[in-house]
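Here is the structure we will look at.
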Amino acid sequence: MWELTKSFNFEAAHTLTGTTLGAASEEIHGHSFRAEVAVRGLPDPQTGMLIDLGLLEGKLTEMRRTLDHKFLNRIEGLERPTLENITRFIFERVQHVGPIARVTIYRDSCGETCTYYAPVDHERR
């Protein structure tokens, strides 16, 4: 079993209401994010590759364009942009490119990481 990862960075702003952080999170504020997408499985015997990295890179470039320098609350499907929702949002949009096992978001300046794992039935595809 192999796991291959590819990452992309994006800068974005958001607001979050109803947290114990209060006004600090309710104001528009920004973060530097790093998203890591992991593909898990066995390499194709014909190509020797787990996934064509060009296909994965194309999808991640599309995701970066969607998220980078954006106000995340305004993105359809991401109206409450928590780390949890951002990881699931990315997973749902890249899952069809290959056997995506997980998406992890790193917010290093806050010392935070969040990972969304593919549902068990998804891994059997």
Side-chain angles (χ1 to χ4, degrees):
M1 183 69 65
W2 281 258
E3 183 174 276
L4 181 143
T5 64
K6 188 131 181 86
S7 299
F8 68 97
N9 297 311
F10 63 99
E11 308 289 329
H14 69 154
T15 64
L16 291 174
T17 58
T19 74
T20 57
L21 298 173
S25 67
E26 292 174 6
E27 295 291 326
I28 294 175
H29 61 281
H31 298 283
S32 296
F33 298 90
R34 179 167 53 94
E36 178 181 83
V37 176
V39 179
R40 186 178 299 140
L42 299 173
D44 179 296
Q46 298 295 325
T47 65
M49 295 185 294
L50 184 57
I51 189 171
D52 181 332
L53 284 174
L55 294 174
L56 182 57
E57 186 169 336
K59 191 52 100 170
L60 297 188
T61 298
E62 184 181 309
M63 284 307 315
R64 185 174 190 278
R65 272 189 245 130
T66 299
L67 300 170
D68 192 40
H69 286 86
K70 300 293 191 302
F71 181 49
L72 299 179
N73 299 69
R74 292 189 185 146
I75 296 175
E76 187 176 335
L78 194 55
E79 293 81 8
R80 183 142 174 89
T82 61
L83 288 174
E84 295 87 345
N85 288 336
I86 296 168
T87 57
R88 184 178 53 210
F89 179 85
I90 294 170
F91 176 84
E92 289 172 351
R93 283 149 185 81
V94 302
Q95 67 177 321
H96 304 293
V97 77
I100 307 298
R102 64 179 172 80
V103 173
T104 301
I105 295 289
Y106 298 87
R107 203 161 58 183
D108 293 326
S109 65
C110 300
E112 299 167 344
T113 302
C114 183
T115 301
Y116 178 86
Y117 293 93
V120 174
D121 64 328
H122 177 81
E123 291 181 358
R124 292 185 188 139
R125 290 185 208 175

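All figures in this text were calculated on a predicted structure; none of them were measured in a lab. All residue numbers in this chain count up from 1 along the given sequence.
- Between the Arg64 side chain and the Asn9 main chain, a donor and an acceptor come within less than 3.5 Å of each other.
- Side-chain contact check for Leu60 versus Val37: some heavy-atom pair is nearer than 4.5 Å.
- By the criterion of side-chain heavy atoms lying less than 4.5 angstrom apart, applied directly or through intervening Ile, Leu, Val, Met, Phe, Trp or Tyr residues, Ile100 is grouped together with Leu42 in one hydrophobic cluster.
- Between Glu3 and Arg102 there is a salt bridge, since a side-chain N of the basic residue sits under 4.0 Å from a carboxylate O of the acidic one.
- With sequence neighbours excluded, no residue forms a side-chain contact (heavy atoms from CB on, under 4.5 Å) with Ser109.
- Of the listed residues (Ile90, Asp68, Val103), just one forms a side-chain contact (heavy atoms from CB on, under 4.5 Å) with Met63, and that residue is Ile90.
- Criterion: ILVMFWY side-chain heavy atoms under 4.5 Å apart, direct or through other members. Under it, Ile75 and Phe33 are part of a common hydrophobic cluster.
- Judged as a side-chain hydrogen bond (donor to acceptor under 3.5 Å, both in side chains), and not counting sequence neighbours, Thr66 has no contacts.
- Side-chain contact check for Glu36 versus Lys6: every heavy-atom pair is 4.5 Å or farther apart.
- Looking at residues two or more places apart in sequence or on another chain, you find a side-chain contact (heavy atoms from CB on, under 4.5 Å) between Leu50 and Trp2, Leu4, Val39.
- In this structure, the ring-ring contact (aromatic ring centres under 6.0 Å, His included) partners of His29, at least two apart in sequence or on a different chain, are His14, His31.
- Heavy atoms only, all atoms of each residue included: Gln95 and Glu92 are closest at NE2-O, 3.5 Å.
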### Task
With side chain to side chain contact (heavy atoms under 4.5 Å, CB included) as the test, would you mind laying out the steps for Glu112 and Leu83 before giving the verdict?
CA-CA 9 Å; Glu112 299 167 344; Leu83 288 174; 3.8 Å; yes
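- The main-chain N or O of Arg80 is found under 3.5 Å from a side-chain atom of Asn85 such that the two form a donor-acceptor pair.
- Arg93 places a side-chain N or O within 3.5 Å of a backbone atom of Phe89 that can act as its donor or acceptor partner.
- For the pair Phe91 and Pro119, the minimum side-chain heavy-atom distance is below 4.5 Å.
- In this structure, the side chain of Asp44 engages the main chain of Thr47 through a donor-acceptor pair within 3.5 Å.
- Of all the heavy atoms in Thr87 and Cys114, the pair that sits closest is CG2-O, 3.3 Å.
- With a 6.0 Å radius and a threshold of 12 heavy atoms from other residues, nucleotides or ligands, Arg34 has its CZ atom above the threshold.
- Taking hydrophobic clusters as Ile, Leu, Val, Met, Phe, Trp and Tyr residues chained together by side-chain heavy-atom distances below 4.5 Å, Ile51 shares a cluster with Phe8.
- For the atom pair Asp108 CG and Tyr106 OH, the distance stands at 8.5 Å (nearest 0.5 Å).
- For the side-chain contact (heavy atoms from CB on, under 4.5 Å) test, residues two or more places apart in sequence or in another chain that qualify with Leu55 are Asp52, Val97.
- Ala12 and Leu67 make their closest contact through CB-O, 3.6 Å (heavy atoms, listed as atom of the first residue, atom of the second, distance).
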Let's go through Lys59 and Val94 carefully: what are the C-alpha distance in whole Å and the side-chain angles of both, what is the deciding distance for side chain to side chain contact (heavy atoms under 4.5 Å, CB included) to 0.1 Å, and is it a yes or a no? CA-CA 6 Å; Lys59 191 52 100 170; Val94 302; 3.5 Å; yes
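- Across Ile105 and Ile86, no two heavy atoms sit closer than the pair CD1-CG2, 3.8 Å.
- Listed by chain and number, the residues in a salt bridge (Lys or Arg N to Asp or Glu O under 4.0 Å) with Arg65 amount to none (sequence neighbours excluded).
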